[in-house]
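A short write-up of the structure that comes next.
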Amino acid sequence: MSLLMIPGPGGALEARYHFVPSGAGVPIVLVIPPYPDQGVDMDHPVVRTFFRAFASLRFNVLRFNFRGCGKSQGEFSPGESEISDAAACLSWLQARNPFPPQCWVAGFSFGAYIALQLLMRRPECSGFAVASPPVNLYDFNFLSPCPSPGLILQGAADEVTSKEHVMRFSHQLSLQKRGHPITLEILPKVPHDFSDALEDVESLVRTYVSASLESLTQTSVRAG
């Protein structure tokens, strides 16, 4: 895993990159951190857990810090700037991994909001995995309809966004015309930061993504 600085629209962005040496045919994923003004960054335990889960499945994985966080240059200002930072990192990842079999986005809390924004704006994204999407704090109506299947993880004891909010959100996505299957996993007694449940998070992500990769392989075989 290497530490690097990626050119961004507001200055260089600090990032960590795991890559599979085998080269072509490797899926990719961008893992997006939570809101940076609360002292959290790309080394948050949930972000690292996502990173580790995808890396174990032989993805090329990139996580980064928003502008003004860690060693990333610029100043943090909520809004389009963070979407631009994430888009720049996804473009960097794609430039080094042209024509991957799958392109995923993942994120925790505010990072989930940005991940789903990218999902709508970048049609090459084929799947997502998010944890604690703050559906009571931000407008998620841009997902109409949701363009890809995905996984949502939610703690039943989340003190930021209640499980009821996220359950309604997941149900609405599933009902949308032309909507894709949405898998919602509620973790009992788990708070917003998934403390003491990171092993469960990693297991659920690995299981869901593995099944998605297997489905893609079977589809390719049938098409051939």
Side-chain angles (χ1 to χ4, degrees), residues 1-4 6 15-34 42-64 86 89-109 111-112 114-116 118-119 122-133 146-155 170 180-187 190 193-194 196-224:
M1 180 175 62
S2 58
L3 179 65
L4 55 128
I6 293 174
R16 289 193 179 274
Y17 181 44
H18 166 86
F19 66 96
V20 178
S22 60
V26 177
I28 62 174
V29 60
L30 178 68
V31 182
I32 304 176
M42 67 176 178
D43 288 326
H44 187 282
V46 176
V47 176
R48 292 171 63 95
T49 298
F50 272 127
F51 190 95
R52 185 169 57 250
F54 279 98
S56 71
L57 295 172
R58 297 182 61 79
F59 273 68
N60 286 343
V61 192
L62 183 71
R63 73 180 193 259
F64 70 98
C89 288
L90 182 58
S91 294
W92 183 94
L93 184 58
Q94 290 174 313
R96 282 147 187 81
N97 301 276
F99 309 112
Q102 287 198 5
C103 173
W104 286 60
V105 288
F108 164 60
S109 194
I114 299 298
L116 294 175
L118 273 189
L119 187 75
R122 303 288 284 263
E124 64 270 28
C125 293
S126 52
F128 69 89
V130 298
S132 299
C146 184
S148 303
L151 171 67
I152 300 174
L153 302 178
Q154 176 67 24
S170 176
H180 292 274
I182 305 298
T183 298
L184 172 63
E185 297 285 355
I186 304 290
L187 284 71
V190 171
D193 64 0
F194 289 88
D196 299 323
L198 295 175
E199 290 184 1
D200 294 329
V201 169
E202 182 169 356
S203 177
L204 288 167
V205 171
R206 282 177 51 86
T207 298
Y208 179 83
V209 177
S210 293
S212 296
L213 293 175
E214 183 178 349
S215 175
L216 176 68
T217 300
Q218 291 174 350
T219 301
S220 298
V221 170
R222 288 195 297 268

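This structure is a prediction, so every number in the text was calculated from the model and none was measured. Only this structure's heavy atoms are used, side chains among them; waters, hydrogens and symmetry mates stay out.
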*Of the options Phe59, Tyr208, Phe128, which is the one that meets Phe54 in a ring pair (Phe, Tyr, Trp, His ring centres under 6.0 Å)?*
Phe59
*side-chain contact (heavy atoms from CB on, under 4.5 Å) partner of Phe64, chosen from Ile6, Leu93, Val47, Leu30*: Leu30
*Can you see which heavy atom on Ala115 is nearest to which on Gly107, and at what distance?*
CB-N, 4.2 Å
*Keeping the roles fixed (side chain from Thr49, backbone from Pro45), state whether a donor-acceptor pair exists under 3.5 Å.*
yes
*Distance from Trp104 atom CH2 to Leu118 atom CG, nearest 0.5 Å?*
15.0 Å
*asked:* Minimum heavy-atom separation for Met42 and Arg48, please, with both atom names.
replied: O-CG, 4.1 Å
*Can you name the closest pair of heavy atoms from Val61 and Val31 and give their distance?*
CG1-CG2, 3.8 Å
*With a 4.5 Å heavy-atom cut-off, do Val46 and Leu153 have their side chains touching?*
no
_Just verifying a value: how many Å separate Arg63 CZ and Phe108 CZ, rounded to the nearest 0.5 Å?_
14.5 Å
*Looking only at heavy atoms, what is the nearest atom pair of Leu62 and Ala15, with distance?*
CD1-CB, 3.8 Å
_Could you measure the distance from the CD atom of Gln94 to the SG atom of Cys125? Nearest 0.5 Å is fine._
7.0 Å
_Sub-4.5 Å side-chain heavy-atom contact between Leu90 and Cys103_ = yes
*For Leu184 against Ser170, the heavy-atom pair lying closest together*: CB-OG, 3.6 Å
*side-chain contact (heavy atoms from CB on, under 4.5 Å) between Leu204 and Leu187, worked out*: CA-CA 10 Å; Leu204 288 167; Leu187 284 71; 3.8 Å; yes
*Where the side chain of Ser210 meets the backbone of Thr207, is there a donor-acceptor pair that is under 3.5 Å apart?*
no
*Closest heavy-atom pair and its distance - Ala112, Pro133*: CB-CA, 3.9 Å
_Measuring from atom CG of Leu116 to atom CD1 of Ile152, what distance do you get when rounded to the nearest 0.5 angstrom?_
7.0 Å
_Atom CZ of residue position Arg58 - does it have more than 12 heavy atoms of other residues, nucleotides or ligands inside 6.0 Å?_
no
*In Å, rounded to the nearest 0.5 Å, how long is the span from CZ of Arg122 to OG of Ser148?*
13.0 Å
*Please round to the nearest 0.5 Å and tell me the distance separating atom CZ of Arg96 and atom CG of Asn60.*
11.5 Å
